[in-house]
Amino acid sequence: MGKLAFFTLADESGPIQLYLEKATLQAAHPDNPEVFAQLTSLVDAGDWIGVRGSLKRTDRGELSVKVVDWTMLSKALQPLPDKWHGLADVEKRYRQRYLDLIVSPHTRETFRRRARIVSTMRRWLDERGFLEIETPVLQTEAGGADARPFETHHNALDLPLTLRIATELHLKRLVVGGFERVYELGRIFRNEGVSTRHNPEFTSVEIYQAYADYHAMMELTEELIVAAAREVCGGTLISYQGTEVDLTPPWRRATMHDLVREATGLDFSSFEASDPLASRARAADAMAAAGLEVPAAADCLGRLLVEAFEQTVETSLIQPTFVLDYPVENSPLARAHRSKPGLVERFELFIVGRETANAFSELIDPVDQRSRLEAQQERRRAGDPEAQTVDEDFLHALEVGMPPTGCLGIGIDRLVMLLTDSPSIRDVIAFPLLRPEGRSGASEAGHEADA
RNA sequence: GGGUCGCUAGCUCAGCGGUAGAGCACUCGGCUUUUAACCGAUUGGUCCUGAGUUCGAAUCUCAGGCGACCCA
């Protein structure tokens, strides 16, 4: 049996070396000559132990605790992953996140940053008089976005319910009620596929400001995201997956028409004809001639424009870019453009080729809103499962009277990906949705290991 | 939805038609100023599942499961 041993003791604040000297321990425990052997033989990597002792620097200069007493706080029954290689298996990192967190400081740092981003955004909004109000997750009608909801059921009321796909329609009711600045930062659920950019439950913040329009929301977007970037990246020049991204405002503003024309040479405003079908046909021919796909579901000029944008422009928008003025057909909740017929006052923010925010001057005209939602309902009947429904109570609220309002929605997960240099949305969600494993899955994963 | 790749010990991986392996971890013993791997020994496996080909399958074929990445 030796006379000396070294352990590394770590808690969330970091590691420190334990200097274990047989003579010191025995002198402190004259009644237990085996104290050194017990400590070195009973303690394994992963156990939680407590120690008492004095600080010293070893001959190698490492700050250490010279241990005189110790106690086992919690025993690890499962061995830790290889201390050098860590958890290389991506799937295992997601399925057993607790292990990933133990062995990967980088993963821990990502979730610390996520927390700081969220708290910075809340503080920024609170300081400017925005009020956070929680709206229902369980809804009889899922509205406010083009997406399919999760369906559930309330037993006592025998009532079918859906999980919310957006917070929009309730926050607008609050504006009707007189709150001029409201927001909600919370979980949204969409019954859709899973990818490096999509998780069925994700976090968004929606912000509503009365007497503002989408131009004001652009400035708000810049300031809010810059505040988060400064908090976790220390500035506005960041690197994402090897690409330099400059978040210094002001960010580029460009209309969807101009961006599509730049990329393809196609001027969609020139396709307009007196007959909507003729407009659509002219645009379709031009797109086909330019080598673009023309999906049948894109049944009008506006949808074709968006299609052309998605095919040719979207992924090329690396530096932050506000894309302005969307077709009315794709934006049933946005206000008609003040000067451009057929368009709405809406922007989406793209960074590293990904939609990161969406905003508009709100549609507050209840008559216009009703006809747009009825058009959506018609699409739904025609087989589009993502088309919106008519929410009569929401329309009633608009009839009571809503002030001009700007709104903004930001995808928190995608923003966190950007600011933590994470390639997959699963890297920024602690427990992303995964298909259950057939055999060992849930039961074995229940035995947690500790650091 | 399409394609490519992966799944072998707790972890990281090798083996690619002929007795299932290595390093680390675990257990036991030795060493003791170490910074991923000190020295010895012992443990440890439904080679993802199922079917097929074969004298013989972790290995080849097919189907399925679970993932990763790319494309739409």
(message) At a heavy-atom distance below 4.0 Å, what parts of residues 290-300 of chain A sit against RNA chain B?
(response) A:Glu293
(message) Would you measure the distance from the C1' atom in B:C71 across to the matching atom in B:G56 and give it in whole Å?
(response) 42 Å
(message) Say we look at B:C13 and B:G30: how far apart would their P atoms be, to the nearest angstrom?
(response) 35 Å
(message) Listing request: all salt bridge (charged side-chain N to carboxylate O under 4.0 Å, His left out) pairs with a residue in residues 224-248 of chain A, at least two apart in sequence or in separate chains.
(response) A:Arg116-A:Glu231
(request) Would you mind telling me which of B:U27, B:G67, B:U33 lies closest to the side-chain atoms of A:Asp44? (result) B:U27
(message) For A:Ser104, give me all partners under side chain to side chain donor-acceptor pair (under 3.5 Å), at least two apart in sequence or on another chain.
(response) A:Thr107
(message) Looking only at the side chain of A:Pro81 (C-beta and beyond, no hydrogens), which of the listed nucleotides B:C11, B:A25, B:C69 gets closest?
(response) B:C11
(message) Starting the side chain at C-beta, find the nucleotide from B:U35, B:C11, B:C69 nearest to A:Leu87.
(response) B:C11
(message) Closest-nucleotide mapping onto RNA chain B: is A:Tyr19 or A:Asp89 further toward the 5' terminus? I mean the 5' end.
(response) A:Asp89
(request) Name all residues meeting the salt bridge (Lys or Arg N to Asp or Glu O under 4.0 Å) criterion together with A:Asp100; count only those two or more places apart in sequence or in a different chain, and write none if there are none. (result) A:Arg93, A:Arg97
Between side-chain atoms of residues 347-355 of chain A and protein atoms elsewhere (two or more places apart, or another chain), which donor-acceptor pairs fall under 3.5 Å?
residue: A:Glu348; atom: OE1; partner: A:Tyr326; partner atom: OH; Å: 2.8
residue: A:Glu348; atom: OE2; partner: A:Arg346; partner atom: NH2; Å: 3.1
residue: A:Arg354; atom: NH1; partner: A:Tyr240; partner atom: OH; Å: 3.4
residue: A:Arg354; atom: NH2; partner: A:Tyr240; partner atom: OH; Å: 2.7

(message) Among B:G10, B:G67, B:U33, which nucleotide has an atom closest to any side-chain atom of A:Lys56?
(response) B:U33
(request) Consider the side chain of A:Leu4, meaning its heavy atoms from C-beta on, and name the nucleotide among B:U32, B:G67, B:U35 that approaches it most closely. (result) B:U32
(message) Just N and O in the side chain of A:Arg95: are any of them under 4.0 Å from OP1 or OP2 of B:G67?
(response) yes
(message) Please pick, from B:C70, B:U35, B:U12, the nucleotide with the shortest atom-to-atom distance to any side-chain atom of A:Thr196.
(response) B:C70
(message) Can you check the distance between B:U61 and B:U54, where both ends of the measurement are the P atom (answer in whole Å)?
(response) 16 Å
(message) Show me the pairs that pass salt bridge (charged side-chain N to carboxylate O under 4.0 Å, His left out) and involve residues 304-325 of chain A, at least two apart or across chains.
(response) A:Asp325-A:Lys340
(message) Which is more 5' along RNA chain B, the nucleotide nearest A:Gly61 or the one nearest A:Glu91? Just name the residue.
(response) A:Gly61
(request) Report yes if at least one side-chain N or O of A:Lys92 is closer than 4.0 Å to OP1 or OP2 of B:G67; otherwise report no. (result) no
(message) In whole Å, measure the gap between the C1' atoms of B:C60 and B:G17 for me.
(response) 8 Å
